Amino acid sequence: MGGAAAGTKWIHHIQRLSAAKVSAEAVERGQSRVIDASLTLIRERAKLKAELLRALGGVKASASLLGVPLGHNSSFLQGPAFAPPRIREAIWCGSTNSSTEEGKELNDPRVLTDVGDVPIHEIRDCGVEDDRLMHVISESVKTVMEEEPLRPLVLGGDHSISYPVVRAVSEKLGGPVDILHLDAHPDIYDCFEGNTYSHASSFARIMEGGYARRLLQVGLRSITKEGREQGKRFGVEQYEMRTFSKDREKLENLKLGEGVKGVYVSVDVDCLDPAFAPGVSHIEPGGLSFRNVLNILQNLQGDVVAADVVEFNPQRDTVDGMTAMVAAKLVRELTAKISK
């Protein structure tokens with residue numbers, strides 16, 4: 001399990017319960033009740049939204065926002081836990097309209113719905129460890145997918161959430177997906193700082209589990225020897241920024257998902273050059289422009305079955321909410337790829 005300083009709060013809570021001679025069975029029952037209540041709330045919201053869409057008719061797929069405000073698996077700052085409400089606020093901010101660039105209207109529920117957040121803080125405050133917490137995230141995603149025509153568009157949170165989300169998508173669909181991963185970092189360490197669930201290890205867990213057939217990592221510019229070795233081990237297609245001009249035409253005309261269950265898109269906001277998105281924990285110069293990212297996403301050919309936008313850190317978004325608007329625009333354009 002991960003998370004250093006802030007992640008010890010629940011340990012102290014359990015220690016106090018043990019000192020008060022509260023039985024392990026009682027703690028387990030309490031944790032299960034909190035988890036069941038959390039899943040029930042998401043389930044009922046998803047059912048309500050899906051019933052509306054089915055009544056309206058003519059919808060094959062609708063993007064549905066699911067927040068996962070988890071930050072304790074970050075290796076540096078934990079601010080991404082505060083991102084989901086800030087992204088939602090920016091999506092509906094009056095400074096812009098609700099249209100995607102191709103003309104889909106986000107205020108049409110057939111295009112975008114919202115089932116709320118997985119209550120990560122409340123669950124961890126009950127002493128739930130990461131193994132079980134990752135299971136809760138996976139079950140939350142499956143709960144959304146059970147309600148046709150909803151497809152999860154997940155708001156992180158740090159990048160560790162991609163592992164349980166992709167796992168859920170693959171298991172629910174019954175096979176692997178192709179993944180397009182935009183990031184400054186490959187996040188494929190076998191284990192980072194003793195944490196197998198680190199945000200720097202999420203794609204190692206995904207590839208180990210067989211949840212992806214192809215993994216394309218685009219925007220890389222902070223990659224270690226282990227990152228390259230792990231990429232070779234898992235057959236990852238890694239595209240570094242130092243060769244982007246050569247790779248650009250290929251990356252802006254990707255065709256993915258044939259022969260598998262669909263395409264999953266994971267966008268770490270730090271794939272962008274910090275000139276476009278300064279509100280991230282790991283500022284790494286030399287990244288993609290925002291239009292580079294949109295060209296890649298908008299020209300992508302494939303059935304996008306789910307996606308995430310992660311690693312926006314509101315605590316570093318010092319330029320009048322600029323990065324929040326960037327994250328919201330990413331969500332808007334991913335919605336256009338998912339909904340149909």
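Note that the structure is predicted; figures quoted are calculated from it, not measured.
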May I have the list of side-chain donor-acceptor pairs in residues 277-286 shorter than 3.5 Å, sequence neighbours left out?
| from | atom 1 | to | atom 2 | distance (Å) |
| --- | --- | --- | --- | --- |
| S281 | OG | N313 | ND2 | 3.0 |

Worksheet item: Does any non-hydrogen side-chain atom of V310 lie less than 4.5 Å from one of V68?
Response: no
Discussion item. Is it the case that the side chains of E237 and Q217 hold a donor-acceptor pair, with the cut-off being a distance below 3.5 Å and no angle test?
Written reply: no
Discussion item. Any side-chain to backbone donor/acceptor pair from D125 onto H121? Under 3.5 Å, distance only.
Written reply: no
Practice prompt. Can you tell me which residue pairs pass the ring-ring contact (aromatic ring centres under 6.0 Å, His included) test with a partner in residues 129-173, sequence neighbours excluded?
Written response: H159-H181, H159-F203
Worksheet item: E333 and T100: side-chain hydrogen bond (donor to acceptor under 3.5 Å, both in side chains), yes or no, with the steps?
Response: CA-CA 6 Å; E333 296 307 311; T100 70; 4.9 Å; no
Discussion item. Between the side chains of R316 and E311, is the shortest nitrogen-to-carboxylate-oxygen separation below 4.0 Å, so that they form an ion pair?
Written reply: no
Discussion item. Could you check whether any side-chain heavy atom of R214 comes within less than 4.5 Å of a side-chain heavy atom of I179, counting everything from C-beta outward?
Written reply: no
Fill in: Polar contact flag, side-chain donor to acceptor under 3.5 angstrom, R110-S62
no
Practice prompt. Please name the residue in the list V218, L330, L272, V331 that meets the side chain to side chain contact (heavy atoms under 4.5 Å, CB included) test with V267.
Written response: L330
Worksheet item: Considering only heavy atoms from C-beta outward, does the side chain of F290 approach that of K329 to under 4.5 Å?
Response: yes
Item to complete: Any chance you could pull the hydrophobic cluster mates of Y189, using side-chain heavy atoms under 4.5 angstrom and chaining through other members?
Response: F192
